[in-house]
There are 2 protein chains.
Amino acid sequence: MSDLTAETPIHLLPEEPTQASRFGKARTAQSGALLEDYVELISDLLTSGGEARPTDIARRLGVAHATAIKTIGRLKREGLAVAKPYRGVFLTEAGESLAARVRARHRVVVDLLLAVGVPFEAAESDAEGIEHHVSDTTLAAFARYLAER
Amino acid sequence: MSDLTAETPIHLLPEEPTQASRFGKARTAQSGALLEDYVELISDLLTSGGEARPTDIARRLGVAHATAIKTIGRLKREGLAVAKPYRGVFLTEAGESLAARVRARHRVVVDLLLAVGVPFEAAESDAEGIEHHVSDTTLAAFARYLAER
DNA sequence: CTCGGAATGTAGCCTAGGCTACATTCTGTC
DNA sequence: GACAGAATGTAGCCTAGGCTACATTCCGAG
């Protein structure tokens with residue numbers, strides 16, 4: 001998945017007013033956001049409840065269980081999760097570390113939103129969408145701001 | 001999806017355990033992001049160059065021209081744009097007003113990122129993805145922060 | 001005024017992410 | 001220990017957003 005769009009770089013787009021690259025990047029980043037949500041949620045379920053069942057996942061994400069199962073299949077293909085039929089879902093090393101990074105990023109984003117005066121409800125809600133588009137550079141800047149404030 | 005205007009209501013999502021709504025909202029908001037980009041870009045092209053041709057749009061967005069044309073079809077279906085074959089693309093009232101709102105929001109998001117110390121390049125780049133997930137509430141908070149700072 | 005190249009449009013294919021409907025497996029209760 | 005109901009899995013369909021390949025239309029040189 002990370003291929004096609006990734007190497008459609010600036011080279012093909014000569015003297016564009018610095019815009020195509022931006023759009024393209026935003027679009028690419030969007031891919032994988034769903035997997036991140038799944039991994040984060042599964043990690044939550046595993047650490048808190050001890051179990052991550054497709055039905056729970058589906059309910060928490062507000063999708064049909066079939067959709068969740070299909071996406072879990074993708075997680076497996078991507079090497080982020082493992083699951084045997086009728087057993088729960090578990091994360092691989094890669095999955096766990098991704099979950100950790102996602103969770104940390106989420107926290108920073110929410111904190112930053114709160115810090116600039118966004119109400120709690122909106123901060124939590126919007127962060128869910130925003131976090132997938134926050135680059136490492138921006139994330140670092142957020143952290144710095146929060147620390148220095 | 002026709003509610004690009006910001007009312008992606010909670011009403012559709014019953015009493016899910018406080019989390020599905022968040023995820024669902026982020027997901028829903030994501031729909032329409034592409035149309036917003038198109039409308040914004042078309043508006044730019046029209047006001048600056050005077051013309052918005054499918055090929056230009058495709059190049060600026062980094063997609064194949066066929067993709068751009070297909071999406072322009074969607075814009076027409078959504079009542080945001082009009083276009084006759086081999087003539088350029090133009091925005092309807094709705095399209096123009098959406099473009100204006102998108103542009104304004106984009107500016108606020110970029111300014112906020114800069115204000116908290118995000119480098120210019122990253123701010124411009126990340127804003128492109130982030131802006132589509134910024135609710136009116138959060139946008140208002142951003143504006144307030146920028147004014148009071 | 002014609003003709004070739006660029007722009008535009010069309011067709012068909014692919015994946016991701018949704019859904020419903022149906023089939024299968026598990027499991028708690030009697 | 002059987003069985004109903006819940007959980008799980010499978011199949012097939014849909015739309016959005018991408019692509020390539022091909023067809024059509026436009027337009028500027030000559």
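Note that this is a predicted model, so its numbers are computed, not measured. Computation of the quantities below employed the complete heavy-atom set of this structure, encompassing side-chain atoms and omitting hydrogens, waters and symmetry-equivalent molecules. Every chain is numbered from 1 and lettered A, B, ... according to where its sequence line falls, protein lines coming before strand lines.
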Check the distance between [N]'s [atom2] and [X]'s [atom1] and give it to me in whole angstrom.
{"X": "A:Glu36", "N": "C:dA16", "atom1": "CD", "atom2": "C1'", "answer": "15 Å"}
{"X": "B:Ile69", "N": "D:dA21", "atom1": "CD1", "atom2": "P", "answer": "17 Å"}
{"X": "B:Asp37", "N": "D:dA16", "atom1": "CG", "atom2": "P", "answer": "17 Å"}
{"X": "A:Leu61", "N": "C:dG18", "atom1": "CG", "atom2": "C1'", "answer": "13 Å"}
{"X": "A:Leu35", "N": "C:dA16", "atom1": "CG", "atom2": "P", "answer": "9 Å"}
{"X": "A:Lys84", "N": "C:dT25", "atom1": "NZ", "atom2": "P", "answer": "18 Å"}
{"X": "B:Leu45", "N": "C:dA7", "atom1": "CG", "atom2": "P", "answer": "14 Å"}
{"X": "A:Arg60", "N": "D:dA7", "atom1": "CZ", "atom2": "C1'", "answer": "18 Å"}

- request: Using a 4.0 Å heavy-atom cut-off across all strands, classify A:Arg87 as base, sugar-phosphate, or nothing.
  value: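 If one applies the 4.0 Å heavy-atom cut-off, A:Arg87 turns out to touch nothing in the nucleic acid.
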Between [options], which nucleotide has the shortest distance from any of its atoms to the side chain of [X]?
{"X": "A:Arg77", "options": "C:dA16, C:dG12, C:dT8", "result": "C:dA16"}
{"X": "B:Leu34", "options": "D:dG18, C:dG9, C:dT8", "result": "D:dG18"}
{"X": "B:Ala66", "options": "D:dT20, D:dG9, C:dG18", "result": "D:dT20"}

task: With DNA chain D as reference, determine whether B:Thr71 or A:Arg53 sits nearer its 5' end, using the nearest nucleotide of each.
output: A:Arg53
- request: Working to the nearest 0.5 Å, report the span between CG of A:Leu80 and CD1 of A:Ile42.
  value: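 One finds 9.0 Å between CG of A:Leu80 and CD1 of A:Ile42.
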message: Would you compute the distance between atom CG of B:Leu113 and atom CZ of A:Phe142 and round it to the nearest 0.5 angstrom?
response: 5.0 Å
Considering all heavy atoms, the nearest A:Val118-A:Ala123 contact: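 Scanning both residues, the minimum pair turns out to be CG1-N, 3.6 Å.
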field: Considering all heavy atoms, the nearest B:Val108-B:Leu146 contact
entry: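 Nearest heavy atoms, B:Val108 then B:Leu146: O-CD1, 3.8 Å.
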- prompt: At under 4.0 Å, does any side-chain N or O of B:Thr55 touch on OP1 or OP2 of C:dA7?
  reply: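 So the side chain of B:Thr55 is outside the cut-off, no N or O lying under 4.0 Å from OP1 or OP2 of C:dA7.
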Is there any protein nitrogen or oxygen under 3.5 Å from a nitrogen or oxygen in nucleotides 22-24 of chain D, and what are the pairs?
unit_1, atom_1, unit_2, atom_2, d
D:dT24, O2, B:Tyr86, OH, 3.3

task: Verify the distance criterion only: is there a donor paired with an acceptor across the side chains of A:His106 and A:Glu40 at less than 3.5 Å?
output: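 Result is no, nothing qualifies.
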query: What residues form a side chain to side chain donor-acceptor pair (under 3.5 Å) with A:Ser43, not counting sequence neighbours?
result: A:Arg103
Within residues 84-102 of chain A or reaching into it, pairs that qualify as salt bridge (Lys or Arg N to Asp or Glu O under 4.0 Å) - sequence neighbours excluded: none
